[in-house]
Amino acid sequence: MKIAVVGATGLVGEVMLKVLAERNFPVSELIPVASERSIGKLISFKGNDYKVVGMQTAIDMKPNIALFSAGGDTSLLWAPKFAEAGITVIDNSSAWRMDQSKRLVVPEINAAQLTSEDKIIANPNCSTIQMVMALAPLHNTYKIKRIVVSTYQSITGTGVKAVKQLENEMAGIKGEMAYPYPIHQNAIPHCDVFEENGYTKEEMKLVRETQKIFDDRTIAVTATAVRIPTAGGHSESINVEFENDFDIVEVRHLLNESPGIVVQDNIDVNTYPMPIYANGKDDVFVGRIRRDSSQPNTLNLWVVSDNLRKGAATNTIQIAEYLVANNLL
Ligand code: 2RA
């Protein structure tokens, strides 16, 4: 299988290469794609070196699948060109997620909707993926009415510049700023840009993408997304109200039985999910499971996952695995 990784030199692109190798995805030839300034660079993959190429060269090399993590503008311009050439695109940007003709896929939840006609497939936002992964088994059983979520997002979600800003601040070095404020010893309630309604795009992704993935626009969602100086993963405090009451023992059972979910929840021995545990892993970790005694049919959860892996690279590659396994290319 010829695989193009578009954005191969970025944070998510690098994790894609790592995960492709780890999962032994059937890559017969890797086509690393990046911006003009990176063309010609060598990328090492499974013991072989591959030269970074530009977009049109990548199309001409006729990959079967192109994994995109190169920003929305690049995807809007180039994903259709790859698709027109018969290449299946799985895109990590927000460009196609809300396009009614495009599938927004978390394989454990809705991969069954994929067909060979889908030539541009959208990978949901990282903070959406971990939330719907934790909520899907509960939604299927108790039907979600409303979600209130606060996120505590790793600076790796912003990109290399923010990681460098935090490193510089911790080392006492003045450097380029990804944020107008210090990240070190701070919490910034501003992920992505503000919309007219006073929410950020990151917060509205949690609203809109959740409704699309569950195919249910009656689900009410309100979100606050906060950037914190941590690597390793995004954390989320989720308060979820269901149409129907639940049994807390059954909730734990449903979560324990769900592929890709690990329940880490024993307050007697201070066991709960944290980014330091999630870092480098593909699971979504769920803990602090407890009934919200202030409101009927309502549950509190704490959910942590590596935003670069299940939140981006791994979910993308799991979609590719599903396409290959079901002959949908
Ligand atoms: C963030 N979800 O964490 C974004 C990155 N895709 O900023």
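Atoms within each ligand, like the ligands themselves, are counted from 1 in listed order. Only heavy atoms go into these numbers, but all of them, side chains included; no hydrogens, no water, no symmetry mates.
Each of the following atoms of ligand 1 lies closer than 4.0 Å to a heavy atom of Arg227: 1 (C), 3 (O), 7 (O). Listed by number with element, the atoms of ligand 1 under 4.0 angstrom from any heavy atom of Gln153 are 1 (C), 3 (O). Against a heavy-atom cut-off of under 4.0 Å, His234 is close to the following atoms of ligand 1: 3 (O).
With hydrogens left out, the protein atom closest to atom 6 (N) of ligand 1 is Asn125 OD1, 3.6 Å, a heavy atom. Looking only at protein heavy atoms, the nearest one to atom 5 (C) of ligand 1 is Gly157 O, 3.0 Å. For atom 2 (N) of ligand 1, the closest non-hydrogen atom of the protein is Glu202 OE2, 2.6 Å.
Residue Cys191 places every heavy atom at 4.0 Å or more from ligand 1.
The one candidate from Ile228, Thr230, Thr156 that meets the side chain to side chain contact (heavy atoms under 4.5 Å, CB included) condition with Pro275 is Thr230. Among Asp245, Val148, Val240, Asp292, the single residue meeting the side chain to side chain contact (heavy atoms under 4.5 Å, CB included) criterion with Thr298 is Asp292.
Contact between Met16 and Phe68 at its shortest, heavy atoms only, is CE-O, 3.9 Å. Shown here for Pro63 and Ile59, the closest heavy-atom pair between the two residues is CD-O, 4.2 Å. Of all heavy-atom pairs spanning Trp96 and Lys212, the tightest one is O-NZ, 4.4 Å.
For the pair Lys205 and ligand 1, the shortest N or O to N or O distance does not fall below 3.5 Å. Not a single N or O atom of Ser154, backbone or side chain, sits closer than 3.5 Å to an N or O atom of ligand 1.
Ring geometry for Trp78 versus Phe82: interplanar angle over 60°, hence perpendicular rather than tilted (30 to 60°).
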* **Stepwise side chain to side chain contact (heavy atoms under 4.5 Å, CB included) check, Asp306 with Lys281** => CA-CA 6 Å; Asp306 185 330; Lys281 298 188 179 74; 5.8 Å; no
